Amino acid sequence: MKIGELAKATGLTTKTIRFYEQQSLLKEPLRTSSGYRIYTAEDVERLEFIRQAKRISLSLEEIRDILDLSEQSQAPCVHVLALLERKLEQVDAIIQGLQEFRGELSKSKEESQERLDRLPEESRICGIIEKGIHTKGEVALRAISATPGRRYRPTLSPSWAAAQPAG
């Protein structure tokens with residue numbers, strides 16, 4: 001099958017398939033005399049494996065390592081269990097960091113609400129931020145965002161901001 005057919009069969013884009021080839025997750029396909037890539041049912045299975053591995057948050061490097069172990073006739077499942085254990089530890093650390101951050105935000109919100117009436121009117125944008133919020137949350141967020149393979153950038157949606165009282 002050609003790359004468009006493979007994309008349709010796997011639900012991936014042709015760009016993603018080419019990227020996986022570049023990352024050595026998918027073997028270099030055979031080509032027709034006119035240069036078209038030709039794929040097999042084995043490629044469909046491999047791409048489905050990659051999709052499943054990504055669903056459990058494995059990185060492309062981790063997936064490549066698993067595929068390499070398999071190609072070397074080694075059973076990669078013990079390696080996968082170790083990866084899953086490490087992912088669980090990372091999730092636990094993230095949850096703990098978020099719980100600490102939530103506590104700090106809650107405390108800062110209460111303190112800011114109390115200070116709101118005492119803030120001078122000469123604030124350029126928002127006196128709560130300009131006068132400083134006392135939280136360790138930034139440290140917690142840096143620790144969370146430092147988790148390998150993940151970026152954490154909390155944002156507030158415009159609908160949340162619109163629902164807040166003016167001021």
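On a predicted model such as this, the values are computed, not experimentally measured, just so you know. Only heavy atoms go into these numbers, but all of them, side chains included; no hydrogens, no water, no symmetry mates.
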Open item on the list: To the closest 0.5 Å, what do you measure between CZ (Arg86) and CD (Glu62)?
Closed with: 5.0 Å
Open item on the list: Testing the basics here: between Ala7 and Leu12, what is the closest heavy-atom pair and its distance to 0.1 Å?
Closed with: CB-O, 3.0 Å
Open item on the list: So, taking the atom named CD in Glu111 and the one named OG in Ser106, what distance separates them when rounded to the nearest 0.5 Å?
Closed with: 10.0 Å
- [ ] State yes or no: do Tyr36 and Leu6 share one hydrophobic cluster built from I, L, V, M, F, W and Y residues joined by side-chain heavy-atom distances below 4.5 Å, directly or via other members?
- [x] no
Task: Set of side-chain contact (heavy atoms from CB on, under 4.5 Å) partners for Thr13, sequence neighbours left out - done: Lys15, Thr16
Task: CG (Leu88) with more than 12 external heavy atoms under 6.0 Å - done: yes
- [ ] Check whether more than 12 heavy atoms from other residues, nucleotides or ligands sit under 6.0 Å from atom CD of Glu61, and answer yes or no.
- [x] no
- [ ] Tell me, yes or no, whether the heavy-atom count around Glu42 atom CD, taken from other residues, nucleotides or ligands under 6.0 Å, exceeds 12.
- [x] no
Task: With Glu5 via salt bridge (charged side-chain N to carboxylate O under 4.0 Å, His left out) - residues at least two apart - done: none
Task: Nearest non-hydrogen partners of Tyr39 and Lys2, listed with the distance - done: CD1-C, 4.0 Å
Open item on the list: Counting C-beta onward and ignoring hydrogens, is there a side-chain heavy-atom pair between Lys54 and Leu60 closer than 4.5 Å?
Closed with: yes
- [ ] Verify the neighbour count for atom CD of Gln113: are there more than 12 heavy atoms of other residues, nucleotides or ligands below 6.0 Å?
- [x] no
Open item on the list: Looking at every non-hydrogen atom in both residues, tell me the closest pair between Pro29 and Arg37 and how far apart they are.
Closed with: CG-CG, 3.6 Å
Task: Asp68 and Arg64: CA distance, side-chain angles, deciding distance, side-chain contact (heavy atoms from CB on, under 4.5 Å) verdict - done: CA-CA 6 Å; Asp68 289 346; Arg64 188 180 317 103; 3.9 Å; yes
- [ ] Measure the shortest side-chain to side-chain distance between Leu83 and Ile66 over non-hydrogen atoms and say whether it is less than 4.5 angstrom.
- [x] yes
Open item on the list: In this structure, would Ile50 and Met1 fall into the same cluster of hydrophobic residues linked by side-chain contacts under 4.5 Å?
Closed with: yes
Open item on the list: As an exercise, state the distance from CD of Glu104 to CD of Gln99, rounded to the nearest 0.5 Å.
Closed with: 13.0 Å
Open item on the list: Looking at Arg51, I want to see if its CZ is surrounded by more than 12 non-hydrogen atoms of other residues, nucleotides or ligands under 6.0 Å.
Closed with: yes
- [ ] List for me each residue that meets side-chain contact (heavy atoms from CB on, under 4.5 Å) alongside Gln96, sequence neighbours excluded, and say none if there are none.
- [x] Glu100
TODO: Answer with yes or no whether the hydrophobic clustering places Leu25 together with Ile56; edges join I, L, V, M, F, W, Y residues whose side-chain heavy atoms lie under 4.5 Å apart.
DONE: yes
- [ ] Taking all heavy atoms of Lys87 and all of Leu58, pick out the closest pair and write down the distance.
- [x] CE-CD2, 3.9 Å
- [ ] Report the C-alpha separation of Leu26 and Arg18 in whole Å, then their side-chain angles, then the decisive distance to 0.1 Å, and conclude whether the side-chain contact (heavy atoms from CB on, under 4.5 Å) test is met.
- [x] CA-CA 9 Å; Leu26 198 58; Arg18 287 188 194 104; over 6 Å; no
Open item on the list: Are Val44 and Ile38 connected into the same hydrophobic cluster when the rule is that any two of I, L, V, M, F, W, Y join if their side-chain heavy atoms are below 4.5 Å apart?
Closed with: no
